[in-house]
Amino acid sequence: MHVGDDFTGLQELSMGVTSIRDPGNDDKRTIDRRHRAAAGALLFPHVYPSSLIDGKGPYTAQFANVATTQAEAIRLVDKAKANDFTGIKFYGTFDASWLPAAIAEAHKLGLHVHGHIPVGIRPMDAINDGYDEITHINWIAMQAMPDDVIKASNGIMRFEGPGRYAKDVDLDGLAINTIVGAMARKHIYNDPTMVAFEGIYVPENGDMAPSYAPFVGTMPPATERGFRTGGFAVPKDLTRADYRASWAKMVALLQRMHQAGVPIVAGTDGSGIEIVHELEIYVQAGFTPAEALAAATIVPARLVGQEAKTGSIKVGKTADLALIEGDPSAHIADLRQTRVVMLDGKLLDADALRSAAGFSGRPTSSMH
Ligand SMILES: [Zn+2]
């Protein structure tokens with residue numbers, strides 16, 4: 001998730017989230033939070049941040065470090081390493097011709113490389129240039145999109161293109177077979193952030209995405225109202241049913257990747273409270289609850305190189321734990337029922353954390 005204000009730490013801990021990958025934020029604030037947490041002035045999960053690098057243009061990402069030359073891109077990679085970031089996230093307006101040199105620099109420094117796919121190229125090109133991970137499910141589908149989508153993929157087309165065309169993508173066709181096969185063979189991760197796309201394609205305008213339903217009545221009214229903006233407006237020549245069919249195809253694509261052995265790591269790209277619903281979607285896509293849990297524990301621990309310290313319960317590992325009322329190995333939704341959370345061996349009361357984060361009560365489990 002992109003970490004928000006300080007309360008985010010309390011919110012995430014209340015949900016049993018003891019580590020976060022932040023795929024791009026205001027670097028100054030990321031560093032400031034790290035210093036305050038280390039000094040004991042801020043209660044926060046461990047954060048593994050990526051520095052976001054984009055090119056210059058009308059669609060440059062908010063908070064991005066902007067590179068206008070290849071040399072500048074390499075300097076920004078060096079700066080990320082100097083500031084103890086763990087990865088580099090490239091964005092849509094980054095000049096694709098600079099990827100090989102910028103990625104070589106990142107890999108030389110031991111940095112993880114992931115991101116959107118720069119405009120004009122496809123995800124297979126980014127993998128061939130050295131990406132370790134592709135962020136978001138839409139960028140996997142992009143391998144099978146028409147050229148007019150690829151030419152404009154740094155703008156709204158990255159959502160509207162897959163919304164229009166994904167439903168007709170042949171999962172047994174050459175494009176999808178090529179990318180899924182390459183990702184499995186080369187161990188390229190995908191952080192599909194399914195909840196972000198469900199929220200775009202599925203709800204009618206004014207409706208709430210399924211991620212937020214378990215929290216209704218426990219959030220401040222203005223926050224809850226903010227989650228009722230609904231999905232994207234459907235272009236005039238399409239219907240909501242078309243967008244929902246494209247969403248269903250993206251869930252099937254996730255299933256295909258999982259079956260092929262592509263490592264999947266759970267992320268939300270949202271406010272953070274969507275994480276359990278993200279895992280519910282993985283179960284809908286054929287993951288066992290244990291496999292869905294692994295996508296939020298040991299698999300991302302491996303991605304950030306911390307699997308010897310965290311990511312599973314084992315003697316000698318850091319005590320980053322959550323005690324759940326229920327059985328998430330049978331009902332993944334039970335994961336919302338955190339009661340006690342342990343961060344670095346310190347016990348935290350989940351209800352007290354919820355209250356401090358602004359929730360008036362526990363979420364419901366739902367979706368049993
Ligand atoms: Zn992103």
Side-chain angles (χ1 to χ4, degrees), residues 1 12 15-21 23 48 112 114 132-141 171 176-177 179-198 210-211 214 247-270 272-314 317 320-338 365-368:
M1 67 179 296
E12 293 306 296
M15 300 185 60
V17 174
T18 53
S19 292
I20 292 171
R21 282 203 312 144
Y48 298 91
H112 177 79
H114 64 132
D132 303 304
E133 172 196 351
I134 293 172
T135 311
H136 310 301
I137 189 75
N138 63 325
W139 293 110
I140 310 289
L171 294 181
I176 296 299
N177 269 331
I179 187 155
V180 172
M183 290 177 77
R185 205 167 51 248
K186 298 181 170 192
H187 203 74
I188 307 295
Y189 288 85
N190 178 229
D191 183 347
T193 64
M194 300 302 285
V195 289
F197 295 87
E198 183 182 44
S211 295
W247 158 250
K249 187 61 72 73
M250 290 182 214
V251 175
L253 175 57
L254 172 64
Q255 178 159 30
R256 213 41 93 86
M257 284 193 287
H258 176 60
Q259 284 167 347
V262 175
I264 303 294
V265 288
T268 63
D269 204 18
I273 62 174
E274 306 88 349
I275 186 68
V276 178
H277 186 58
E278 177 77 13
L279 302 186
E280 288 171 336
I281 294 169
Y282 296 178
V283 171
Q284 285 169 30
F287 289 54
T288 65
E291 288 168 341
L293 274 171
T297 52
I298 191 67
V299 183
R302 280 187 206 118
L303 186 155
V304 294
Q306 298 295 316
E307 72 274 23
K309 282 193 203 155
T310 189
S312 62
I313 302 173
K314 205 174 166 189
K317 283 197 175 186
D320 286 344
L321 305 163
L323 186 64
I324 309 294
E325 184 174 341
D327 181 5
S329 72
H331 300 291
I332 198 73
D334 286 354
L335 268 184
R336 293 193 185 86
Q337 300 309 319
T338 47
S365 281
S366 78
M367 288 200 66
H368 267 205

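Computed from a prediction, not measured in an experiment: that's the story for all the values here.
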Of the options R21, H136, H114, which is the one that meets D191 in a side-chain hydrogen bond (donor to acceptor under 3.5 Å, both in side chains)?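 Output: one option passes, namely R21.
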Atom pair [atom1]/[atom2] of [X] and [Y] - distance to nearest 0.5 Å:
X: S211; Y: H277; atom1: OG; atom2: NE2; result: 4.5 Å
X: L303; Y: E133; atom1: CG; atom2: CD; result: 5.5 Å
X: D320; Y: S312; atom1: CG; atom2: OG; result: 11.5 Å
X: W247; Y: I281; atom1: CH2; atom2: CD1; result: 4.0 Å

Determine, step by step, whether L254 and M250 satisfy the side-chain contact (heavy atoms from CB on, under 4.5 Å) criterion, reporting the C-alpha distance in whole Å, the side-chain angles of both residues, the deciding distance to 0.1 Å, and the verdict. CA-CA 6 Å; L254 172 64; M250 290 182 214; over 6 Å; no
Please give me the minimum heavy-atom distance between [X] and [Y], naming the atom from each residue.
X: E291; Y: G286; value: OE1-O, 4.2 Å
X: P214; Y: P210; value: CD-O, 3.6 Å
X: M1; Y: G272; value: CE-CA, 3.8 Å
X: P192; Y: E278; value: CG-OE2, 3.9 Å
X: R302; Y: E307; value: CA-OE1, 3.6 Å
X: G311; Y: T297; value: O-CB, 3.4 Å

Does atom CG of L171 have more than 12 heavy-atom neighbours, drawn from other residues, nucleotides or ligands, at distances under 6.0 Å?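 Yes, enclosed.
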Check whether any side-chain heavy atom of [X] lies under 4.5 Å from a side-chain heavy atom of [Y], and answer yes or no.
X: K249; Y: L253; result: no
X: Y48; Y: Q306; result: yes
X: V304; Y: H112; result: no
X: L335; Y: L293; result: yes

Do the side chain of [X] and the main chain of [Y] share a donor and acceptor less than 3.5 angstrom apart?
X: Q337; Y: D334; result: no
X: Q284; Y: Y282; result: no
X: N190; Y: I264; result: no
X: K186; Y: D132; result: no

For M183 and I140, run side-chain contact (heavy atoms from CB on, under 4.5 Å): C-alpha distance rounded to whole Å, both residues' side-chain angles, the deciding distance at 0.1 Å, then the answer. CA-CA 10 Å; M183 290 177 77; I140 310 289; 3.6 Å; yes
Evaluate the criterion side-chain contact (heavy atoms from CB on, under 4.5 Å) for residue pair T338 and I324; output intermediate values, then yes/no. CA-CA 5 Å; T338 47; I324 309 294; 3.7 Å; yes
Apply the side chain to side chain contact (heavy atoms under 4.5 Å, CB included) test between M194 and each candidate in T268, V251, D269, L279; give the one that qualifies.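 Output: one option passes, namely V251.
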Could you walk me through whether V180 and M257 pass side-chain contact (heavy atoms from CB on, under 4.5 Å), step by step? CA-CA 6 Å; V180 172; M257 284 193 287; 4.0 Å; yes
Any salt bridge linking E280 with R336? Criterion: basic side-chain nitrogen under 4.0 Å from a carboxylate oxygen.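 Looking at E280 and R336, the cut-off is met.
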H258 vs F287 aromatic rings, parallel, tilted or perpendicular, using cut-offs 30° and 60°?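 The rings of H258 and F287 lie parallel, inter-plane angle below 30°.
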